[in-house]
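Below is one structure, written out as structure tokens; comments come after it.
Residue numbering restarts at 1 for every chain, and letters A, B, ... go by the order of the sequence lines.
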There are 2 protein chains.
Amino acid sequence: MKIDARHLEIIAAIVDNGGLTEGAEALGKSQPSVSRTVAMLEARVGARLFEKNRRPLQPTDLCQALAVEGRKVLAANQTASALVRRYIDGKSGVVRVGGTPFFMDGVISGMIAEFQRAYPEIRIEQSYAYAADLSRQLDSNALDVAICPMDPAALPEKLEFSALLDGRNVIACSPTHPLAGKPSLRLSEIAPYPWIAPPVESPLYQDLRSILAGIGMTDFKVSFSGGTLASILNILARSDALTVLPYSVVFMLRRQQALAALPIRINHPERSLGQMWSPAQSDRPSVRRFRRFIDAEFSNLRTTIMKHEQNSLWRR
Amino acid sequence: MKIDARHLEIIAAIVDNGGLTEGAEALGKSQPSVSRTVAMLEARVGARLFEKNRRPLQPTDLCQALAVEGRKVLAANQTASALVRRYIDGKSGVVRVGGTPFFMDGVISGMIAEFQRAYPEIRIEQSYAYAADLSRQLDSNALDVAICPMDPAALPEKLEFSALLDGRNVIACSPTHPLAGKPSLRLSEIAPYPWIAPPVESPLYQDLRSILAGIGMTDFKVSFSGGTLASILNILARSDALTVLPYSVVFMLRRQQALAALPIRINHPERSLGQMWSPAQSDRPSVRRFRRFIDAEFSNLRTTIMKHEQNSLWRR
DNA sequence: GAGATTATATAACCTTGAGTTATGAAAATA
DNA sequence: TATTTTCATAACTCAAGGTTATATAATCTC
């Protein structure tokens with residue numbers, strides 16, 4: 001004897017609301033509809049569900065037992081509805097975000113922390129890669145959002161990009177470095193120092209090479225490579241090494257007094273840090289919400305940077 | 001966002017069976033039916049439930065969460081189906097059985113115990129009353145079965161009666177009573193002894209009066225009245241009192257050696273102990289099963305009684 | 001107990017979800 | 001690449017269940 005789950009719901013509603021009319025109302029259905037459904041059910045089951053000739057409908061023992069199950073169905077239903085509501089409202093779900101390592105570690109991870117304070121039910125799956133890989137992953141729907149430096153002119157087909165911040169890089173060193181704090185610097189002055197090399201695929205690496213080419217150095221001393229931001233900060237603090245980092249990373253770390261930026265302008269292609277995504281992949285509400293959140297965070301960050309530069313409290 | 005419980009079932013079935021086809025099969029539906037239902041659901045919810053372009057259908061996170069609720073619905077459904085199955089099979093439910101006190105206590109309660117060993121999920125609601133009341137309660141559907149002595153000719157309209165046993169009563173006393181064990185007895189010999197009087201509404205009371213009228217006693221000494229069978233047995237055991245009890249009650253108590261029956265024939269109206277019920281009240285499977293069980297028990301009891309009488313092991 | 005009130009059932013009609021088979025299209029597999 | 005597997009679509013049918021209007025039956029009230 002197969003019983004329809006919606007019938008169990010109806011039974012529970014009638015029993016719990018003390019009558020057919022009230023039950024129908026609680027279910028958002030008309031009274032005749034429920035009445036007939038009950039009649040059909042009783043006929044199919046071959047047993048009374050409600051006592052005969054009682055006017056506030058009185059459940060039989062069997063009906064009471066079925067109502068117990070009906071309540072479970074109703075509860076599951078409500079839970080499911082809530083789940084869906086939160087999901088389409090972008091308050092639950094998953095966001096797969098990938099980006100270039102230093103930028104993710106130095107800037108984005110902090111914003112993710114803020115995001116998860118606001119939306120604790122959204123799970124973030126973070127990964128690291130460079131632009132080419134990120135594009136591919138967006139295309140194959142292995143990623144929802146990529147955050148990386150990008151020349152908008154070189155944007156791959158079928159991907160969209162929204163700039164968040166100027167993409168320039170700076171030469172960074174320890175605040176205790178001999179060159180730190182000098183108001184101006186000639187390129188040749190940096191020649192003696194060892195370098196912490198960014199990964200070869202990184203745009204930072206290209207910037208490093210162009211800097212050194214600019215002062216005629218084709219061979220340079222790499223004292224360390226392969227580390228993430230945390231390692232690099234430790235190395236820098238205890239050495240005279242130099243490295244190339246995104247300006248924004250250095251800015252974000254200003255409070256920790258872990259880094260100094262040398263006043264040397266690095267030339268590089270027209271490049272912005274920004275979000276990249278595939279409009280072909282219809283994005284989930286959680287992803288939409290994440291992207292908007294990141295936009296807002298960077299909007300704040302840009303004004304913060306502007307203020308700092310105006311006040312000259314912190315110079316590059 | 002209201003979600004239909006049956007949709008949750010479908011989701012759970014697909015997820016748990018590793019694919020749409022298998023899920024449809026598990027649900028006993030055709031594959032296209034389930035496919036379309038899923039498509040409609042996704043459209044209504046406005047979110048993917050299964051990853052795009054994956055051939056064994058791969059649930060999304062949201063889908064997994066909904067499947068959890070779907071499993072609850074499926075479980076409730078199965079429980080409900082089992083409940084109904086047991087109910088219509090007469091293996092669960094309620095039986096409201098009423099009867100005359102001594103007969104219920106002395107004979108029926110033992111059978112009910114057997115019945116509940118066989119059908120532990122059937123609840124028995126027992127009550128005591130005499131024929132007139134029982135008829136009324138059957139009519140008003142306050143009772144499913146009545147078990148009482150009845151003259152089939154005097155059966156109320158609209159009630160049915162099935163005889164179980166000869167309805168005669170006997171004069172009972174303690175096995176240690178001065179009259180007990182005598183092979184024959186004249187009516188006058190019982191005159192000196194006090195009586196335990198059955199309730200006035202009881203047919204036993206009428207029998208007692210007719211016995212005493214037969215020996216010219218209009219006034220008789222009532223030493224005790226108002227007790228149930230258990231009390232009466234205790235009183236009888238410790239006194240020389242006499243009382244009137246159904247023959248079958250005395251028979252059932254033969255093993256306990258608690259009673260003796262005097263060899264005096266009591267005249268009474270043509271009367272049988274039997275079951276009475278109202279065919280107007282469509283009876284539940286549990287009630288049907290109970291009635292059949294009682295019939296079978298009495299069938300056994302009748303042969304047992306016959307054997308005993310043939311073997312003369314126990315005389316009345 | 002008659003009348004008023006409330007609760008449920010029935011009627012007539014319509015919409016839609018869901019069942020079917022047949023078949024097409026796209027992944028997965030060999 | 002060819003084959004198999006798995007899912008989607010199409011076209012049709014049916015019955016459950018939605019509606020409003022109204023009848024009927026319990027219960028309440030005086």
Legend entry - Between P of C/dA25 and CZ of B/Arg54, the distance in whole Å: 23 Å

Legend entry - Distance, rounded to the nearest Å, where A/Gln58 contributes CD and D/dT27 contributes P: 10 Å

Inset, instruction - Using a strict 4.0 Å threshold on nitrogen-to-oxygen distance, state whether B/Arg136 and B/Asp139 make a salt bridge. - result: no

Inset, instruction - Decide, yes or no, whether a salt bridge links A/Arg291 with A/Asp144 under the criterion of side-chain N to carboxylate O below 4.0 Å. - result: no

Legend entry - Closest listed nucleotide, where the reference is the side chain of B/Leu20 and the choices are C/dT8, D/dA8, D/dA26: D/dA8

Inset, instruction - To the nearest Å, give me how far apart NE2 (B/His7) and C1' (C/dG17) are. - result: 8 Å

Legend entry - Rounded distance (Å) that lies between atom P of D/dA16 and atom CG of B/Asp4: 15 Å

Legend entry - Of the listed nucleotides C/dA28, D/dC7, C/dT8, the one nearest the side chain of A/Leu57: C/dT8

Inset, instruction - Using a strict 4.0 Å threshold on nitrogen-to-oxygen distance, state whether A/Arg44 and A/Glu42 make a salt bridge. - result: no

Inset, instruction - Taking all non-hydrogen atoms of both residues into account, name the closest pair between B/Asn77 and A/Asp4 and its distance. - result: ND2-C, 4.2 Å

Legend entry - Gap between atoms CD1 and P, on A/Ile10 and C/dA9 respectively (whole Å): 13 Å

Inset, instruction - Starting from C1' on D/dT27, measure out to CG on A/Asn53 and report it in whole angstrom. - result: 12 Å

Inset, instruction - Flag the pair A/Glu69 and A/Lys72 as a salt bridge only when some basic side-chain nitrogen lies within less than 4.0 angstrom of an acidic carboxylate oxygen. - result: yes

Inset, instruction - Kindly check if the number of other-residue, nucleotide or ligand heavy atoms within 6.0 Å of CD (A/Gln126) is above 12? - result: yes

Legend entry - salt_bridge(A/Glu121, A/Lys91) N-O dist < 4.0 Å: no

Inset, instruction - Indicate yes or no: does A/Arg6 engage A/Glu9 in a salt bridge with an N to O separation below 4.0 Å. - result: no

Inset, instruction - Go through residues 38-52 of chain B and report each residue with a non-hydrogen atom lying under 4.0 Å from DNA chain D, sorted by number. - result: none

Legend entry - Where A/Ser135 and A/Met276 come nearest, the two heavy atoms and their spacing: OG-CE, 3.6 Å

Inset, instruction - Estimate the overall bend of the helix from C/dG1-D/dC30 to C/dA30-D/dT1 from the end axes over five pairs each, rounded to 10 degrees. - result: 50°

Inset, instruction - Could you state the atom-to-atom distance from CZ of A/Arg6 to P of C/dG17 in whole Å? - result: 10 Å

Legend entry - Residues, nucleotides or ligands: over 12 heavy atoms within 6.0 Å of A/Glu25 CD: no

Inset, instruction - Check whether any side-chain heavy atom of A/Ile11 lies under 4.5 Å from a side-chain heavy atom of A/Cys63, and answer yes or no. - result: yes

Legend entry - Stretch residues 25-36 of chain B: residues that reach within less than 4.0 Å of DNA chain D through a heavy atom: B/Gln31, B/Pro32, B/Ser35

